[in-house]
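Everything below concerns the one structure shown next.
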Amino acid sequence: MTSAAELLAAARADADRTVDLRRRLHRRPEVGLQLPETQAMVLEAFADLPVEVSTGTSTTSVVAVLRGSRPGPSYLLRGDMDALPLQEDTGLDFASEIDGAMHACGHDTHVAMLLGAARLLAQRREEIAGQVVFMVQPGEEGHHGARFMLEEGLLDVVPEAPVTGAFALHISTSFPTGTINVRPGPMMAAADHFRVTLRGAGGHASTPHVTADPIPVAAEIVLALQSMVTRRVDVFDPAVVTVGHISAGTTNNIIPATAFLEGTIRTLSAERRADVVARVQRIAERIADAHELVAEFERVEGYPVTVNDAVVAGQVEAVAAQLLGAEASVPMPDPLMGAEDFSYVLERVPGAMAFLGACPPDLVPDESPGNHSNLVVFDEASFPAGVAVYAQMALQALRP
């Protein structure tokens, strides 16, 4: 059996290939569910490995199955591959060549590390009793790519041995390079998008009494939502409500007939999620009614809460300590209020997501440009740690 030291050494020895794939992906970012050029690079990377590859029908997803030397369960490793609609400004010599698109969330690194793990695991098939399912998904950035893959039968890709566990890494500059950061239970938040259209009656700005002005009503709703969060939401089951966009009016002396506002709701439990969505709607509608306006409320359902299985989270901590040293295995005290569509997978099978620290050595975690910044730079020295953790999680789950 391969020791932890040997596995990490193998990941380090293969680091140049991991970095090369990452940089090629980084130069050619694609956004959304249809990523043909990215998919082609992923298929090319799998081509030399003893895997069974299939591609999606509704999206450009890729699923590869590595069969071990003996029968057993199937274990899933996830990597996402879509970019963000953002103009890169890092100055890297492998910066994006596509205007208005950038791998600002590190999905290029996830794919490269996943393929690095696939190479290590392919060399160790005799140590695997079962199948490793490599999930390479588009559309994580708000497009529900994981849900599409599940609907197409992702978990049953090996009919005789459906997937029984799953693991994913997410890179971040918020943590020191090479650390693995994880927690049991809620890891990331549910995210819902809400829109409110206020319909009143417009008129001249000098005679507001004969209009139904939506602008002060919109302002009142915004303030009431903030009070709702601090006065009606249990701090031990928290919520974040942010209004990020308000639009109304055309000039200084016209009261408009309508106003529009939209925002996001972040929660860490299904119960709190339903409660806060209902409260936001009630506040908008009742404040509008009090001012003789009509509020049209729309909720766009986002990703569920990303919930780590407690046992699997403990296994991640143990694997990280074994591979990288106790100081690199870091329990996270609190969840993050960002959202992830790996949550759909974790609703179906026990598993975990962990953060891989990749803060550049000349910067300070949490002060360096972070994920979704057009200035973010991930430390490539972290890649062997990610590759080794991916591989070891599968080896441990499928040990003969």
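The basis for the numbers below is simple: all heavy atoms, side chains too, and nothing from hydrogens, waters or symmetry mates. Here the structure is a predicted model, which is why all the values come from computation and not from measurement.
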Side chains of [X] and [Y], donor plus acceptor under 3.5 Å:
X    : Y    : value
N181 : T179 : yes
T197 : R195 : no
E30  : T38  : yes

Problem - Contacts of R348 that satisfy salt bridge (Lys or Arg N to Asp or Glu O under 4.0 Å) - sequence neighbours left out - result: none
Practice task
Answer yes or no: are there more than 12 heavy-atom neighbours, outside R125 itself, under 6.0 Å from its atom CZ?
Solution key: yes
Exercise for the section: Return yes when atom CD of E160 has more than 12 non-hydrogen atoms of other residues, nucleotides or ligands closer than 6.0 Å, and no otherwise. Expected result: yes
Approximate separation, where rounding is to 0.5 Å, of [X] [atom1] and [Y] [atom2]:
X    : Y    : atom1 : atom2 : answer
R124 : E6   : CZ    : CD    : 8.0 Å
S172 : L356 : OG    : CG    : 9.0 Å
M113 : L77  : CE    : CG    : 12.0 Å
T211 : E292 : OG1   : CD    : 11.0 Å

Problem - ring pair (Phe, Tyr, Trp, His ring centres under 6.0 Å) contacts touching residues 175-194 (sequence neighbours left out) - result: F175-F355
Handout entry: Residue pairs involving residues 263-310 (criterion ring pair (Phe, Tyr, Trp, His ring centres under 6.0 Å); sequence neighbours excluded)
Key = H144-Y303, Y303-Y344
Handout entry: By side chain to side chain contact (heavy atoms under 4.5 Å, CB included) - contacts of A352 (at least two apart)
Key = N308, V312, V316
Please list, one pair per line, the donor and acceptor atoms closer than 3.5 Å that link side chains of residues 41-55 to other protein atoms, with sequence neighbours excluded.
residue : atom : partner : partner atom : Å
E52     : OE1  : R67     : NE           : 3.4
E52     : OE2  : R67     : NE           : 2.6

Problem - Where at least one partner belongs to residues 309-333, residue pairs that pass side chain to side chain donor-acceptor pair (under 3.5 Å), sequence neighbours excluded - result: none
Handout entry: Inter- and intrachain pairs under side chain to side chain donor-acceptor pair (under 3.5 Å), touching residues 92-104, at least two apart
Key = R28-E97
Practice task
Output, in order, the C-alpha distance, side-chain angles, deciding distance and verdict of side chain to side chain contact (heavy atoms under 4.5 Å, CB included) for H372 and L84.
Solution key: CA-CA 8 Å; H372 290 223; L84 285 160; 3.6 Å; yes
Handout entry: I128 reachable from L7 in the ILVMFWY side-chain graph, under 4.5 Å edges
Key = yes
Practice task
Look at the side-chain heavy atoms of Ile, Leu, Val, Met, Phe, Trp and Tyr, link any pair under 4.5 Å apart, and say whether I98 and L35 land in one connected group.
Solution key: no
Handout entry: Shared-cluster residues of V377, by chain and number - hydrophobic side chains joined below 4.5 Å
Key = L92, F94
Exercise for the section: Considering only Ile, Leu, Val, Met, Phe, Trp and Tyr, and joining two whenever side-chain heavy atoms are under 4.5 Å apart, list the other residues clustered with L375. Expected result: none
Practice task
State plainly whether the residues D341 and R147 are in salt-bridge range, i.e. N to O under 4.0 Å.
Solution key: no
Handout entry: Carboxylate-amine/guanidinium proximity below 4.0 Å for R272 and D275
Key = yes
Output a table of donor-acceptor pairs, distance under 3.5 Å, between side-chain atoms of residues 241-258 and any protein atom two or more places apart or on a different chain; print 'none' if there are none.
residue : atom : partner : partner atom : Å
H245    : ND1  : E262    : OE2          : 2.6

Exercise for the section: Would you indicate whether the side-chain heavy atoms of T59 and Q137 approach each other to under 4.5 Å? Expected result: no
Exercise for the section: Measure the shortest side-chain to side-chain distance between M135 and V163 over non-hydrogen atoms and say whether it is less than 4.5 angstrom. Expected result: no
Identify all side-chain donor-acceptor contacts of residues 382-400 below 3.5 Å with residues at least two apart in sequence or on another chain.
residue : atom : partner : partner atom : Å
S382    : OG   : D379    : O            : 2.8
Y390    : OH   : R78     : O            : 2.6
Y390    : OH   : L169    : N            : 3.4

Per-pair distances, 0.1 Å, donor-acceptor, side chain in residues 114-121, under 3.5 Å, sequence neighbours excluded:
residue : atom : partner : partner atom : Å
R119    : NE   : D14     : OD2          : 2.7
R119    : NH2  : D14     : OD2          : 2.9
R119    : NH2  : T18     : OG1          : 3.4

